[in-house]
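The first residue of the sequence shown is numbered 1, and numbering continues consecutively from there.
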Amino acid sequence: MSEQPLPFMYQFISGAVAGVSELLVMYPLDVVKTRMQLQIGSGVAGGPVYNGVIDCLGQIVKREGFSRLYKGISSPMLMEAPKRATKFACNDAYQKLFKRLAGVDKMNQQISIMSGSMAGVTEACVIVPFELVKIRLQDVNSKYNGPLEVVFKIVKQNGILSLYNGLESTMWRNAFWNGGYFGVIFQVRALLPEAKSNSEKTRNDLIAGTIGGTVGTMLNTPFDVVKSRIQSGTTTTLADGTVIPKYNWTWPSLMKVYSEEGFRALYKGFVPKILRLGPGGGIMLVVFNGMMSFFRDMKYGKD
């Protein structure tokens with residue numbers, strides 16, 4: 001099958017379509033994941049207690065209506081095109097860079113992991129404001145009516161740079177997820193039978209992407225929990241009455257969650273997250289490679 005290189009624009013469009021496709025299918029699980037990650041201890045005072053994915057979905061629909069499962073989707077929808085496009089396009093660019101630096105012509109797993117991690121760090125710089133808005137809207141205690149209200153209030157209260165709260169934790173989260181995702185995809189593809197048709201290629205992509213998404217989720221969930229806590233704006237009051245953010249930098253926040261709530265708290269929201277990003281990783285890879293094949297056929301003609 002033809003593997004001619006394509007210009008950046010084709011990679012950008014393919015990544016954007018892949019990301020939006022995954023988002024539309026899996027977004028309610030992202031809402032559930034955020035609710036569970038923001039639940040401190042056994043629950044928030046005066047608020048609902050979630051005892052699992054199905055329970056959380058049921059409570060949201062019963063208490064707030066079905067449409068609440070898609071509240072805040074406008075922000076990630078705006079984010080999804082640059083986010084996924086950056087992920088795939090930068091991963092390809094970093095692969096070329098690292099192969100050149102290593103003096104090799106073929107990919108290996110080390111380069112896959114390094115390029116994926118660097119693509120994740122680059123992606124974080126693009127998506128943080130969108131992620132912050134999404135978290136504020138998904139919170140069970142959210143009083144915001146829409147993304148623009150979130151932006152205006154945050155900027156008015158704390159300045160425009162506050163839209164980048166959680167940048168460092170997002171870099172850690174993305175580096176671990178992308179490194180695991182692309183590193184595992186490389187290894188799984190090498191173990192699978194070589195695809196001799198489009199249907200077999202789709203099968204291999206779905207398997208590799210799903211396993212990659214699952215491993216990436218296992219690696220990055222503690223960082224995602226901390227990111228959600230930082231971006232939620234949770235505060236604590238000191239003995240002298242000073243109010244400060246409860247969660248700030250990644251590693252101290254990881255230790256705080258662990259010491260106050262135990263190790264399991266670092267994996268809050270893991271089930272809905274893995275239910276989304278396992279199959280979601282497969283969906284993204286299938287759609288991305290399908291779009292790239294379409295553009296190759298359009299540009300170079302079918303083999």
Check your understanding: Is it the case that K153 and Q157 place a side-chain donor and acceptor less than 3.5 Å from each other?
Key -> no
Check your understanding: Side chains of S117 and N178: is there a donor and an acceptor less than 3.5 Å apart?
Key -> no
Exercise for review: Return the minimal non-hydrogen interatomic distance between L285 and Y181, and the atom names on each side.
Suggested key: CB-OH, 3.7 Å
Any ion pair linking [Y] and [X] (charged N to carboxylate O, less than 4.0 Å)?
X    : Y    : result
K201 : E194 : no
D30  : K273 : no
K99  : D105 : no

Exercise for review: Please list all pairs passing the ring-ring contact (aromatic ring centres under 6.0 Å, His included) test where one or both residues lie in residues 92-130, with sequence neighbours left out.
Suggested key: none
Check your understanding: side-chain contact (heavy atoms from CB on, under 4.5 Å) between N204 and E200: does it pass, once the steps are laid out?
Key -> CA-CA 6 Å; N204 286 1; E200 290 180 355; 5.5 Å; no
Check your understanding: Does the gap between the ring centers of F182 and W177 come in under 6.0 Å?
Key -> no
Review point. Who are the side-chain contact (heavy atoms from CB on, under 4.5 Å) partners of L219, not counting sequence neighbours?
Key: F176, V215
Point to revise | E168 side chain to T250 backbone, donor-acceptor under 3.5 Å | key: yes
Review point. After noting the C-alpha distance and the side-chain angles of M298 and Y10, does the key distance pass the side-chain contact (heavy atoms from CB on, under 4.5 Å) rule?
Key: CA-CA 11 Å; M298 183 179 70; Y10 292 113; 3.9 Å; yes
Exercise for review: Mind running side-chain contact (heavy atoms from CB on, under 4.5 Å) on Q187 and I211 for me, showing each step along the way?
Suggested key: CA-CA 10 Å; Q187 191 62 42; I211 296 174; over 6 Å; no
Practice item. Just do the salt bridge (charged side-chain N to carboxylate O under 4.0 Å, His left out) check on K246 and E260 with the steps written out, would you? Key: CA-CA 12 Å; K246 183 173 183 179; E260 292 181 353; 3.3 Å; yes
